[in-house]
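One-based numbering, in listed order, for ligands and for the atoms of each.
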Amino acid sequence: MDIDIAVGVAFATGILLHVSLFRIGEWDLLAIWLMRAPFVLLAALGAALAWFRPAETVLQSLKDASKLDAALLGGVFTSMLVYRAFLHRLRVFPGPFAARLSNLYMTGQSVKTMQAYRHFRRLHEHYGDFVRVGPMEISIAEPAAFRDIYANYSPCEKGPLYSHGHPSTTVLEARSRKLHAPKRKPWDRAFTTTALNNYEERVDRHTDQLLRRIEEHQGSEFNVTRWFSFYTFDVMGELAFGKSFRQLEDNAEHYMAKVARETQRTIGGLLLYTAWIMNTFRETPILNWAWIAFQKWCNEQVDDRLANEPKVPDIFHWISADYRQTPNPTPQERLDLLAEIRLIVVAGSDTTSMTLTGLFYQLVQAPGVVAKLREEIDELAAQDEHALTKNMSLVKLKYLQACIDESLRLTPVVPSRLQRMTPPEGAQIGSRWVPGNTCVIAPSWILCRDSRCFARPEEFIPERWTSQPELVHDASVYAPFSVGRSSCAGKQLALMELRRTVALIVHRYDFALAPEQRIDAFERDLEDHFTMCPPDFNLVFKRREAPPARSG
Ligand code: HEM
């Protein structure tokens, strides 16, 4: 066959391959194979041409093979781009043209600023409540959509973003209800009231350490971002691996915290939009050396922890219960256990420290709120000197809870990327019908600052959750721990840490911005790494003149 005709046939075959195969279903997990395929094909075609055309030189055969290879790829990509741009079922949803073609559009935006949540807001201001932000993804800023996507009654399941941990799957990454339910059981056991009570002493020990650090730094700059992060990581180290990461003691970032921080940043920039990158990266020799070293370290920690069961159960105790009872665990079961242990630390640390930092950012600007909060806390402390370290007492502080809620409203820890996918038959989301197998997100950061849901939405007013309910028009969009079956498993532990830390600090110390700290730098530099990542934020603490109570 003439080579030009063969090139045409290869191009047409590419189109056919896209239309009949690649257009359907998910290919993220096969990305590494798809990337290798053109090279394998090139070698195979080159060999075949050389075999069937002995008169031609090997070089000529290779040249022709690369033309055919390129034509096939050209067919696939041309068909894909034309389809996505003009024929796709989501073509009725407005959005930037480049977003229709590839997820690389949002990846680019995200890498550029690390503040994808702000970009989503700009898109919504321009295009309206329903915006196509990727070839298969819609961002929805209509309040009624929030529960339709995330609540228990929603037919949506987690989207491809959650496959990034492949081949291991944690409870967070379990996409279908069937897979999620059994994985969630041990997590629920890990957070019953009894289990939680068992963690209280460990949380206390670290809260004491944090307060000692504040005491030592009195009158000088204290980077709350850093120290709150040390605090929450140390607590989770103790509850996951049976030993603290000792960051509060050593004033130095631990290996695990460093890896988590760097991984989250990479995830934040690149992987939130292109799920296949992480898997490809992990399966590529050399590029994956840091990941392999980290896996080895985790393996050693898990072995160590398995050999040393603490007297009082920790979170690991519950999460590893089935594994410990299995006589010969498979390599897959081991991988899954490692992933769950990492999840304990990652899900439990950055989230809580971000919330603490965000709350102090708000409080330092609101002396009236601090005075009112202090009144409530002092009153409790005056009744019972140990009350500020008892979760049972602290839960009764309504204004403290309102401050936490209001801060989480303004700075939700997961601002934009809770990705879900509509069922194959499609789903009614808010006011519109969304076609099947569409990824949908309803960014909390946007909805929680929407004037349709909250009056004076940009202001920090804890009273909206207590004495001024008229400032809340639609509370259904407020769910910082998410809702439904995949809502936060560790919410009560997070609240336990938050309540006691805030209560004790506010009770004992006055605080103000450090001289060099600009207040607007905080929000300006908040980055979206899936969870919000705060910039350094420096306060100066000073013992209160006459602390009226005796707690702690
Ligand atoms: C203020 C602190 C926290 C906030 C705001 C928060 C928020 C969230 C959110 C929004 C989700 C849903 C994620 C998704 O669907 O992709 C989630 C899930 C989860 N969180 Fe938290 N979280 C916090 C603290 C914690 C703590 C202390 C733990 C303890 C280890 C924890 C463990 C988990 C787990 C295991 C999941 C997955 C649950 C599932 O998929 O069934 N979180 N969290």
Participant: Using heavy atoms and a threshold below 4.0 Å, how should the contact between Met354 and ligand 1 be classified: side chain, backbone, both, or neither?
Facilitator: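 No part of Met354 is near ligand 1 at this cut-off.
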
Participant: Determine the sole option in Arg305, Arg246, Lys243, Arg205 for which the salt bridge (charged side-chain N to carboxylate O under 4.0 Å, His left out) test with Glu238 is passed.
Facilitator: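 Between Glu238 and the candidates, salt bridge (charged side-chain N to carboxylate O under 4.0 Å, His left out) is satisfied uniquely by Arg205.
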
Participant: Run the numbers for me: atoms of ligand 1, each under 4.0 Å from some heavy atom of Phe191, listed by number.
Facilitator: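 Those of ligand 1 that fall under 4.0 Å from Phe191 are 29 (C).
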
Participant: What are the atoms of ligand 1, with element, lying closer than 4.0 Å to any heavy atom of Thr352?
Facilitator: 2 (C), 27 (C)

Participant: Among Phe316, Tyr255, Trp297, find the one that has a ring pair (Phe, Tyr, Trp, His ring centres under 6.0 Å) with Phe241.
Facilitator: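 That would be Trp297.
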
Participant: Any idea which protein heavy atom is nearest atom 36 (C) of ligand 1, and the distance to it?
Facilitator: Ala489 N, 4.0 Å

Participant: Nearest to atom 26 (C) of ligand 1, what protein heavy atom do you find, and at what distance?
Facilitator: Gly348 CA, 3.4 Å

Participant: Check each atom of ligand 1 against the heavy atoms of Ser482 and keep those under 4.0 Å away; list them by number with element.
Facilitator: 10 (C), 12 (C)

Participant: Touching ligand 1 at all, Ser487? Heavy atoms, strictly under 4.0 Å?
Facilitator: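 Ser487 counts as a contact of ligand 1 under the 4.0 Å cut-off.
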
Participant: Taking 4.0 angstrom as the limit and counting only heavy atoms of Ile344, give me the atoms of ligand 1 inside it, by number and element.
Facilitator: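 That gives atoms 30 (C) of ligand 1.
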
Participant: Can you pull out the closest protein heavy atom to atom 6 (C) of ligand 1? Residue, atom name and distance to 0.1 Å, please.
Facilitator: Phe481 CD2, 3.7 Å

Participant: Do we see a donor-acceptor contact under 3.5 Å between the side chains of Trp465 and Gln401?
Facilitator: no

Participant: Hey, does the side chain of Lys158 reach the backbone of Leu172 with a donor-acceptor pair shorter than 3.5 angstrom?
Facilitator: yes

Participant: Heavy atom under 4.0 Å from ligand 1: found in Thr351's side chain, backbone, both, or neither?
Facilitator: both

Participant: Do Tyr153 and Arg147 have side-chain atoms, one donor and one acceptor, less than 3.5 Å apart?
Facilitator: no

Participant: With a 4.5 Å limit on heavy-atom distance, are the side chains of Thr326 and Glu333 in contact?
Facilitator: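 A side-chain contact under 4.5 Å exists here.
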
Participant: Any Lys/Arg nitrogen of Asp528 or Arg417 sitting under 4.0 Å from an Asp/Glu carboxylate oxygen of the other?
Facilitator: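 Looking at Arg417 together with Asp528, the answer is no, because their closest N to O distance does not fall below 4.0 Å.
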
Participant: Against heavy atoms of Val414, which atoms of ligand 1 measure under 4.0 Å?
Facilitator: 10 (C)

Participant: In ligand 1, which numbered atoms sit nearer than 4.0 Å to a non-hydrogen atom of Leu418?
Facilitator: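 Counting from 1, the qualifying ligand atoms are 13 (C), 14 (C), 15 (O), 16 (O).
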
Participant: Arg334 vs Asp303, test: salt bridge (Lys or Arg N to Asp or Glu O under 4.0 Å). Steps then yes/no.
Facilitator: CA-CA 11 Å; Arg334 176 74 180 194; Asp303 282 340; 2.9 Å; yes

Participant: Report the part of Pro412 (side chain from C-beta onward, or backbone N, CA, C, O) that has a heavy atom under 4.0 Å from ligand 1; answer both or neither where that applies.
Facilitator: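 Looking at Pro412 and ligand 1, no heavy atom falls under 4.0 Å.
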
Participant: Using non-hydrogen atoms of the residue, decide whether Met236 is closer than 4.0 angstrom to ligand 1.
Facilitator: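 The answer is yes: ligand 1 sits under 4.0 Å from a heavy atom of Met236.
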
Participant: What do you reckon, does Lys158 put a non-hydrogen atom under 4.0 Å from ligand 1?
Facilitator: yes

Participant: Starting from atom 22 (N) of ligand 1, which protein heavy atom do you reach first, and at what distance in Å?
Facilitator: Cys488 SG, 3.0 Å

Participant: With heavy-atom distances below 4.5 Å as the criterion, would you say the side chains of Tyr323 and Leu306 are in contact?
Facilitator: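 They are in side-chain contact.
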
Participant: With under 30° as parallel and over 60° as perpendicular, where do the rings of Trp227 and Phe222 fit, or are they tilted in between?
Facilitator: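 Ring orientation of Trp227 relative to Phe222: parallel.
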
Participant: Can you tell me which portion of Arg420 lies within the under-4.0 Å heavy-atom range of ligand 1? Options are side chain, backbone, both, or neither.
Facilitator: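 Only the side chain of Arg420 comes within reach of ligand 1.
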
Participant: Ignoring hydrogens and angles, state whether a donor on the side chain of Asp336 or Gln332 is under 3.5 Å from an acceptor on the partner side chain.
Facilitator: yes

Participant: From atom 35 (C) of ligand 1, work out which of Tyr162, Tyr150, Trp187 has a heavy atom at the shortest distance.
Facilitator: Trp187

Participant: Is any N or O atom of His180, backbone or side chain, closer than 3.5 Å to an N or O atom of ligand 1?
Facilitator: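 His180 vs ligand 1: N/O contact under 3.5 Å present.
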
Participant: Can you report which non-hydrogen protein atom sits closest to atom 7 (C) of ligand 1, along with the distance?
Facilitator: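 Here the nearest protein heavy atom works out to Pro480 O, 3.5 Å.
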
Participant: Students often mix this up, so state it plainly: with edges at 30° and 60°, are the rings of Phe245 and Phe233 parallel, tilted or perpendicular?
Facilitator: tilted

Participant: Knowing that exactly one of Lys178, Arg177, Arg420 qualifies, which makes a salt bridge (charged side-chain N to carboxylate O under 4.0 Å, His left out) with Glu157?
Facilitator: Arg177

Participant: What is the closest protein heavy atom to atom 37 (C) of ligand 1, and at what distance does it sit?
Facilitator: Leu172 CD1, 3.7 Å

Participant: How far is atom 1 (C) of ligand 1 from its nearest protein heavy atom, and which residue and atom name does that atom have?
Facilitator: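 Residue, atom and distance for the closest contact: Thr355 OG1, 3.2 Å.
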
Participant: Identify whether the distance between the nearest side-chain nitrogen and carboxylate oxygen of Lys398 and Glu376 falls below 4.0 Å.
Facilitator: no

Participant: Looking only at protein heavy atoms, identify the closest one to atom 25 (C) of ligand 1 and say how far it is in Å.
Facilitator: Ala347 O, 3.3 Å

Participant: Side chain or backbone, does Arg184 bring an N or O within less than 3.5 Å of an N or O on ligand 1?
Facilitator: yes

Participant: May I ask you to check whether Lys491 has an N/O atom sitting below 3.5 Å from an N/O atom of ligand 1?
Facilitator: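 No - when backbone and side-chain N and O of Lys491 are compared with those of ligand 1, no distance drops under 3.5 Å.
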
Participant: Is it true that Glu463 and Tyr399 share a donor-acceptor pair across their side chains at a distance under 3.5 Å?
Facilitator: yes

Participant: Relative to ligand 1, is Val171 under 4.0 angstrom through side chain, backbone, both or neither, heavy atoms considered?
Facilitator: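 Both parts.
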
Participant: Taking 4.0 Å as the limit for heavy-atom contacts, which would you say applies to Phe530 with ligand 1: side chain only, backbone only, both, or neither?
Facilitator: side chain

Participant: Taking the side chain as everything from C-beta on, heavy atoms only, tell me whether Thr170 gets closer than 4.5 Å to Lys183.
Facilitator: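 Side chain of Thr170 against side chain of Lys183, heavy atoms only: no contact under 4.5 Å found.
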
Participant: So if I count the atoms of ligand 1 from 1 in the order they appear, which ones are less than 4.0 Å from some heavy atom of Val413?
Facilitator: 5 (C)

